[in-house]
Amino acid sequence: VVREVVPAGFGQTRPGHPNDFFYGIYSGSLVKVDAVTGDFSRYLGSGVQNGLHGLTLTNAGELFAISGQGTDSLYSIDRITGAATLVGPTGRELAFGLTYGALTDTIYGLGEHAFGTVGLISYERLTGARTAIGNAITTLTATSGVAFDPIQRRVIAFDNFDDEFY
């Protein structure tokens, strides 16, 4: 969960984002986080054996998540029950974390480009298929989260191994 304290006189501009809570993943399941107190309530388990490792909300209010262990698949998440429905396998290893480009309505993440290399990918929300974008980043080895910069229109990743942003 990424939480930003919005300065006085400004408003949250994330499309479809409620002002009273945020969604997040905790121990592999969907949680709802109170925007004021930070308290969270956990939904029943997602039903995904290896848990969920990334979450993003689209302009249409759809929640998507990935399981980056074992299944390497894309899931749609029911916002009422927290239940995960398999959209489809991605066909390659995934790094943890999802993000969303609202202008192009694109779900992004990081995943295997070729054996042992990780790079930017996009997800097909109807099938789960992933498409490699650009070249692999050979120094990126341990990412657990990504974010989309709407000003520069780029995906930002933090590598836990070397504490670098990419």
Side-chain angles (χ1 to χ4, degrees), residues 1-4 12-35 40-113 118-134 137 140 142-150 152-160 166:
V1 172
V2 176
R3 180 175 181 209
E4 178 180 329
Q12 178 62 263
T13 59
R14 171 69 174 94
H17 198 287
N19 293 323
D20 57 344
F21 67 89
F22 301 91
Y23 290 106
I25 298 289
Y26 178 74
S27 295
S29 294
L30 184 68
V31 295
K32 196 174 186 178
V33 182
D34 184 287
F40 69 92
S41 56
R42 187 174 181 165
Y43 289 80
L44 296 176
S46 65
V48 178
Q49 183 176 357
N50 293 315
L52 302 172
H53 306 107
L55 182 69
T56 197
L57 179 67
T58 68
N59 289 335
E62 302 165 299
L63 279 175
F64 289 92
I66 58 169
S67 178
Q69 288 182 323
T71 63
D72 291 310
S73 296
L74 181 69
Y75 292 85
S76 63
I77 308 298
D78 185 297
R79 291 172 57 178
I80 305 300
T81 66
T85 301
L86 177 66
V87 173
T90 64
R92 295 281 190 143
E93 294 284 327
L94 300 178
F96 294 174
L98 282 178
T99 193
Y100 180 71
L103 186 62
T104 59
D105 193 35
T106 305
I107 300 171
Y108 295 102
L110 297 173
E112 186 178 53
H113 275 216
V118 173
L120 182 63
I121 61 174
S122 65
Y123 292 91
E124 204 320 295
R125 69 184 76 199
L126 298 177
T127 66
R130 51 102 182 118
T131 301
I133 301 171
I137 306 166
L140 188 60
T143 299
S144 61
V146 292
F148 190 81
D149 176 352
Q152 298 295 320
R153 291 188 182 166
R154 63 181 175 180
V155 175
I156 300 168
F158 181 75
D159 191 333
N160 299 316
Y166 292 86

Exercise. Answer whether the closest heavy-atom distance between the side chains of Ile133 and Ser122 falls below 4.5 Å.
Key: yes
Quiz prompt | Considering all heavy atoms, the nearest Thr90-Gly128 contact | solution = CG2-O, 3.3 Å
Quiz item: CG/Leu94 to CG/Asp72 distance, rounded to the nearest 0.5 angstrom?
Solution: 4.5 Å
Quiz item: Does Ser67 use its side chain to pair, donor to acceptor, with the backbone of Ser73 at less than 3.5 Å?
Solution: no
Quiz prompt | Whether Arg130 side chain and Glu112 backbone form a donor-acceptor pair below 3.5 Å | solution = yes
Quiz prompt | Stepwise ring pair (Phe, Tyr, Trp, His ring centres under 6.0 Å) test for Phe64 and Tyr123 | solution = CA-CA 10 Å; Phe64 289 92; Tyr123 292 91; 9.2 Å; no
Quiz prompt | Interatomic spacing from CD1 in Ile156 to CZ in Phe148 - rounded to 0.5 Å | solution = 9.0 Å
Quiz item: Where do Asp105 and Arg125 come nearest, in terms of heavy atoms and distance?
Solution: O-NH2, 2.7 Å
Exercise. Enter the distance from Glu62:CD to Asp78:CG here, rounded to the nearest 0.5 Å.
Key: 12.0 Å
Exercise. Quick one: list whatever passes side chain to side chain contact (heavy atoms under 4.5 Å, CB included) with Leu63, sequence neighbours left out.
Key: Tyr23, Leu30, Leu55, Leu57, Ile77, Arg79
Self-check item: Tyr108 side-chain N/O to Arg154 backbone N/O, donor-acceptor pair under 3.5 Å
Solution: no
Quiz item: Measuring from Leu74:CG to Leu98:CG, what's the distance to the nearest 0.5 Å?
Solution: 7.0 Å
Exercise. Output the distance between atom CD1 (Ile121) and atom OG1 (Thr106), rounded to the nearest 0.5 Å.
Key: 12.5 Å
Quiz item: Roughly how far, to the nearest 0.5 Å, is the CG atom of Leu120 from the CD1 atom of Ile137?
Solution: 7.5 Å
